[in-house]
Q: 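Please read through the structure below; I'll follow up with questions.
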Amino acid sequence: MSNSRFADAVRRRLGAAGWLDRSQIDAALVDFRGVFTGEAMGMARPASTDEVAALVQLCVEHDVAIVTQGGNTGLSGGAIPATPRSGDARPRLVVSMSRMRAIEDVNIERGTITAQAGVTVEELQHCAAEADRLFAPDWGARGTATLGGAVSTNAGGINVVKHGNMREHVLGLEVVLADGRVWDGLRSLPKDNSGFDLKQLFISGEGTVGIVTRAVVRMHERPAQQRIAFASLSSLNALNELMALARSAVPGALSALELIPEVGVAQVVEKFGVRRPLGIVSDWYVLIRYDAMRGGDDVARVDDDLTMLLNRALDAQLITDGVIAGTDAQESNLWVMRDELTATRSFGGFGVKYDLAIPPDRIAAFVERADTLVSTVVPGALSFVFGHVGDGNLHFTVLTPDVDDAPLIRAASELRTKLDGLVWEFNGTISAEHGLGRELRERVVGQKSDVELDLMRRIKRALDPDDRLNPGVMLPDE
Ligand code: MLT
Ligand code: ZN
C-alpha cells in the first residue's frame with residue numbers, strides 16, 4: 001500500500017478539505033510544550049460521524065493506525081503518535097476533529113448540551129451561559145481543549161472540587177469503534193442501569209478503544225455570583241484545617257480551592273506583569289472561590305461569607321492575611337496568576353513533572369517528604385508545587401532554574417522512581433487529571449496490580465484487537 005493511494009482514497013471520501021499532507025501538519029506532530037514528537041503520513045479531517053466511520057474502514061482496509069487529536073493541549077503526549085514498536089510498520093494517521101464543531105442541541109429542561117467532539121470547552125461554557133446555565137469543566141487551556149479530548153482524558157481542572165471530573169458531566173456518547181461501526185450511546189438519562197455503563201470505557205480511554213464523535217453533557221445551575229479570596233497560609237500544616245473550614249463555614253458554597261506557592265507568584269509577577277494580591281510575602285497561598293446560588297440577598301452574602309471565612313481563619317491562625325477580589329479586574333488578575341502557573345513549570349528548562357493525587361489530608365506531610373527526597377537526590381534543585389488541593393491533586397515540578405540542568409537530567413530517572421514510590425506510599429496516583437498518554441504508561445505498572453493490568457489489556461483487546469487506535473499510548477506493553 002502506498003501512502004498516496006491511501007491519501008487519494010481519503011480525499012475521495014472526505015473531500016479535499018478532509019486531507020492534509022505530512023508537509024502541512026508539523027504543528028500536530030509535537031505537543032504544545034515541545035516535549036513529545038511523533039510521525040504520521042498525514043492528517044484526516046472528517047466533518048461528520050459518517051465520515052469518521054468511513055475513514056476508520058479505510059484505515060482497516062489499508063492497515064493504517066489512527067491517532068485522534070483534539071486541541072493538542074494534553075500534557076501526557078496521548079495525542080501525538082508514539083514511536084511504533086519494532087515490527088509494527090503500519091503508517092500513522094492523525095485524525096483531527098477540527099471540522100466537527102457543531103453544538104447541535106441545548107436542552108434547558110434536561111440541562112444538557114449535545115455537541116460534536118471538536119467544540120471547545122470554552123464554547124460549551126459560553127453556550128451554557130447564554131442559556132443561563134453552567135458548563136462546569138474548566139482549566140487554563142479552555143479556549144483550545146476540545147470536548148472529545150476532554151472526554152477521552154476525563155479532564156479535571158479547577159471546578160472538580162464542586163462538580164467532579166469530565167466523567168461526571170457526560171450523560172451520553174457516540175463513538176466510532178475500531179472496526180468502523182458506530183455506537184450510538186447518545187442518551188441523556190441521569191439514571192440508566194441497563195447493564196455495563198459502556199461510555200465509561202471511552203471516557204479516559206485516551207483514544208485507544210474508540211473515537212468519540214459526539215457527546216451529551218450536563219449543564220448545572222449557574223451561580224448568581226462567584227467571589228474569590230486570596231490568602232497567605234501561616235504554614236502548609238494549616239492547609240487541612242483551612243480546607244475543612246472553607247467547606248463547613250458555608251456548606252455548598254466552595255467551588256474552587258487552589259494552592260499557590262511563593263515561587264510561582266514571584267515568577268508570574270515578574271514574567272506576566274501580574275500584580276501581587278497581598279502586601280505580605282508568604283511561602284504558600286490559597287485561592288478560594290465561593291458561589292452564591294441565588295440572586296438578591298444571596299449575592300450580597302457571598303462577600304459576607306468569604307469575609308467571615310477569612311476572619312475565622314485569621315482568628316485560628318491558619319492564614320496571616322487575605323483579600324477578596326472586589327472588581328472584575330482584580331478577579332481576572334488572580335485567575336491569570338493561577339492559569340500562568342502552568343507556564344512557570346517550564347521555566348528553568350528541563351523539569352521532572354508530576355500531576356499526582358494523594359488523599360487531601362496528607363498534602364503537607366507529602367510535600368515535606370518529597371522536598372527532602374528531591375534535595376537528597378539532586379541537591380540545590382527547586383521543588384515547585386501548586387494545584388487543586390481540594391481534590392488532593394498536586395502539580396509537582398522539580399527544576400533547576402538559572403543553573404546547569406545536566407545534574408537534574410542525569411538524576412531524573414532515579415528521582416522519578418523514588419517519587420513514584422513516595423506517591424504510592426501515600427496511597428496516591430501518579431496521574432490525577434492528565435492521563436497516562438505516552439509519559440506514564442510504563443510507570444503505571446508499579447501502581448496497578450497484575451489483575452488490574454490484565455483487565456485493562458483484555459478491554460483493549462476486546463474493543464481494538466488489531467491495536468489500531470492510538471498504539472503505544474496509555475496501556476503498558478505486555
Ligand atoms: C493546571 O492545573 O494548570 C494544569 O493541569 C496544567 C499543569 O499541570 O500545569
Ligand atoms: Zn491541573
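Read the numbers this way: they start at 1 and go in the same order the structure lists the ligands and their atoms.
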Q: Once rounded to the nearest 0.5 Å, what's the spacing between atom CG of Leu436 and atom OG1 of Thr429?
A: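 Answer rounded to 0.5 Å: 7.5 Å.
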Q: Are Tyr285 and Phe230 close enough that their ring centres sit under 6.0 Å apart?
A: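 That pair passes the under 6.0 Å test.
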Q: Around Asp328, counting heavy atoms of other residues, nucleotides and ligands shown, do more than 12 lie under 6.0 Å from its CG?
A: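 For Asp328, atom CG is not crowded (no more than 12 foreign heavy atoms under 6.0 Å).
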Q: Within the stated cut-off of 2.8 Å, is an N/O/S atom of Glu433 closer than that to the Zn ion (ligand 2)?
A: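 Short answer: yes, at least one N, O or S atom is under the cut-off.
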Q: Using heavy atoms and a cut-off under 4.0 Å, could you grab the residues that are in contact with ligand 1, chain by chain, numbers ascending?
A: Leu75, Arg338, Thr342, Arg345, Phe386, His388, His395, Glu433, His434
Q: Could you check whether Arg142 pairs with Asp339 (Lys NZ or Arg NE/NH1/NH2 to Asp/Glu carboxylate O, under 4.0 Å)?
A: yes
Q: Could you go through the side chain to side chain contact (heavy atoms under 4.5 Å, CB included) check for Ile459 and Leu201 one step at a time?
A: CA-CA 8 Å; Ile459 289 167; Leu201 296 175; 4.0 Å; yes
Q: Tell me whether the Zn ion (ligand 2) has His395 as a neighbour, meaning an N, O or S atom of it below 2.8 Å.
A: yes
Q: Please identify each residue that fulfils side-chain hydrogen bond (donor to acceptor under 3.5 Å, both in side chains) with Arg167, with sequence neighbours left out.
A: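 side-chain hydrogen bond (donor to acceptor under 3.5 Å, both in side chains) check on Arg167 returns Gln200, Ser204.
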Q: Measuring from Arg301:CZ to Met308:CE, what's the distance to the nearest 0.5 Å?
A: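 Atom-to-atom, Arg301:CZ and Met308:CE are 10.0 Å apart.
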